[in-house]
Number of protein chains: 2
Amino acid sequence: MAKDAQHPDLDEVPLTTVLAALSDPLRLGLVRLLSDGVERQWGELDTPVAKSTLSHHLKVLRSSGITRTREEGTRCYVHLRLDELERRFPGLLGSVLAAEGHGATTVGVKPQRQPA
Amino acid sequence: MAKDAQHPDLDEVPLTTVLAALSDPLRLGLVRLLSDGVERQWGELDTPVAKSTLSHHLKVLRSSGITRTREEGTRCYVHLRLDELERRFPGLLGSVLAAEGHGATTVGVKPQRQPA
DNA sequence: CACCTTATTCGATGTTCGTAGAACATCGAA
DNA sequence: TTCGATGTTCTACGAACATCGAATAAGGTG
């Protein structure tokens, strides 16, 4: 992401934007995976889409204030803005994650080459 | 709606579908208006869109299991499936309605000609 | 420096969505 | 039956979106 790593102030983000971001199966899957609060690296995310597509979806999540991206060298790490989301939309993430039969794409974690 | 007034079983509806339905400003506005549990007639809904567009949005809400439509003569009435939604997605509607700065379109209630 | 890895951006494509107007179907009332 | 009110459906179109592959930029490593 780099240059335009715009992380919006959550107070500026309308609810509709967040809901739209969460209404995509892949993005919801990503959020579910990240819901444990652990920061993941791009490469760890095991999704059924092309790299560029994944990059796009992560950008959507980022620009809607759901995730935060941090870069370290060439690697990028993502994590949910859990606390902020909870303050802005109390209970939302919880009820979203609690739902069964969510149509989310299952996103796994690829064993990543440990940067020693 | 009439012929194909399909009201899906909420258990069959994926979360992503519900979120997608709620991510539109007008639809979210409709849901907010209906959140008091009161059943409203089509004509009562004061929205800034054409009749056909409103019909479309109401159809989306209906087919995603959020609202239920009842027809009486030529009039149609809508109301939220509050209890069912709560059981299926506990807390979801509450947190959605609680959010401030939702980007919802404000939907008013038109004084309706009382069918005496 | 050459090279590999990682992620972004660009161009192209096909799909879905929101919207409106016109035509149609229904029902109730005059 | 004719008219008016109410909704639905059809058709169309531009905007937005999802997707991919190729090209690009930036960091490490040898």
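So you know, we letter chains A, B, ... as the sequences are listed, proteins then strands, and number each from 1.
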Asks: Which nucleotide wins on minimum distance to the side chain of His56(B), given the candidates dA18(D), dT19(C), dT8(C)?
Replies: dT19(C)
Asks: Whole angstrom is fine here: how far is it from CZ in Arg40(A) over to P in dT6(C)?
Replies: 17 Å
Asks: Under 3.5 Å, side chain of His7(B) to main-chain N/O of Thr69(B), donor-acceptor pair present?
Replies: yes
Asks: Would you say the side-chain atoms of Arg81(A) pair up with the backbone N or O of Arg62(A), donor to acceptor, closer than 3.5 Å?
Replies: no
Asks: Starting at atom CD of Gln41(B), determine the distance to atom C1' of dA5(D), rounded to an integer number of angstrom.
Replies: 10 Å
Asks: Using OP1 and OP2 only, check whether a side-chain N or O of Ser55(A) sits under 4.0 Å from dT8(C).
Replies: yes
Asks: Any sub-3.5 Å donor-acceptor pair from Arg75(A)'s side-chain atoms to Trp42(A)'s backbone N or O?
Replies: no
Asks: Reckon Lys59(B) has a side-chain N or O less than 4.0 Å from the OP1 or OP2 of dT9(D)?
Replies: yes
Asks: Any side-chain to backbone donor/acceptor pair from Arg87(B) onto Leu10(B)? Under 3.5 Å, distance only.
Replies: no
Asks: What is the separation between atom CD on Glu44(B) and atom P on dT6(D), rounded to the nearest whole Å?
Replies: 11 Å
Asks: Would the distance check show the side chain of Glu86(B) and the main-chain N or O of Gly91(B) forming a donor-acceptor pair, the cut-off being under 3.5 Å?
Replies: yes
Asks: Does Trp42(A) have a side-chain nitrogen or oxygen under 4.0 Å from the phosphate oxygens OP1 or OP2 of dT5(C)?
Replies: no
Asks: Taking 4.0 Å as the cut-off, does a side-chain nitrogen or oxygen of Arg70(A) come that near to OP1 or OP2 on dA7(C)?
Replies: no
Asks: Paired stems touching DNA chain C, three or more consecutive Watson-Crick or G-U pairs with both distances under 3.5 Å?
Replies: C:1-30 with D:1-30
Asks: Just call it for Val60(A): base, sugar-phosphate, or nothing, with non-hydrogen atoms closer than 4.0 Å on any strand.
Replies: nothing
Asks: Just the rounded figure in Å: distance from C1' of dC17(D) to CG of Leu19(B).
Replies: 17 Å
Asks: I need the CD-C1' distance between Glu71(B) and dT26(C), as an integer number of Å.
Replies: 9 Å
Asks: Could you work out which one of dA20(C), dG18(C), dT6(D) sits closest to the side chain of Ala50(B)?
Replies: dA20(C)
Asks: Rounded to whole angstroms, how far apart are CG on Leu28(A) and P on dA18(D)?
Replies: 14 Å
Asks: Need to verify one output field. Residue with the more 5' nearest nucleotide on DNA chain D, Ala20(A) or Lys51(B)?
Replies: Lys51(B)
Asks: Let's see if you can work this out: which of dA20(C), dT8(C), dG7(D) has an atom nearest to the side-chain heavy atoms of Cys76(B)?
Replies: dG7(D)
Asks: Under 4.0 Å: is that the gap between some side-chain N or O of Arg75(A) and OP1 or OP2 of dA26(D)?
Replies: no
Asks: Looking at the side chain of Ser52(A), which of dA26(D), dG21(D), dT6(D) is the nearest nucleotide?
Replies: dG21(D)
Asks: Considering just the side-chain nitrogens and oxygens of His57(A), establish if one lies under 4.0 Å of OP1 or OP2 belonging to dT19(D).
Replies: yes
Asks: Treating Glu12(B) as the side-chain partner and Asp9(B) as the backbone partner, does any N or O pair qualify as donor plus acceptor under 3.5 Å?
Replies: no
Asks: I need the CD-P distance between Glu72(B) and dT26(C), as an integer number of Å.
Replies: 19 Å
Asks: Consider side chain to side chain contact (heavy atoms under 4.5 Å, CB included). Of Leu30(B), Leu61(B), Leu85(B), which one does Thr67(B) pass it with?
Replies: Leu61(B)
Asks: Between Thr74(B) and dG7(D), is there a contact of a side-chain N or O with OP1 or OP2 at under 4.0 Å?
Replies: no
Asks: What's the CG-C1' distance between Asp24(A) and dT16(C), to the nearest Å?
Replies: 12 Å
Asks: Checking the side chain of Arg88(A) only, and the main-chain atoms of Glu100(B) only, is there a donor and an acceptor separated by less than 3.5 Å?
Replies: yes
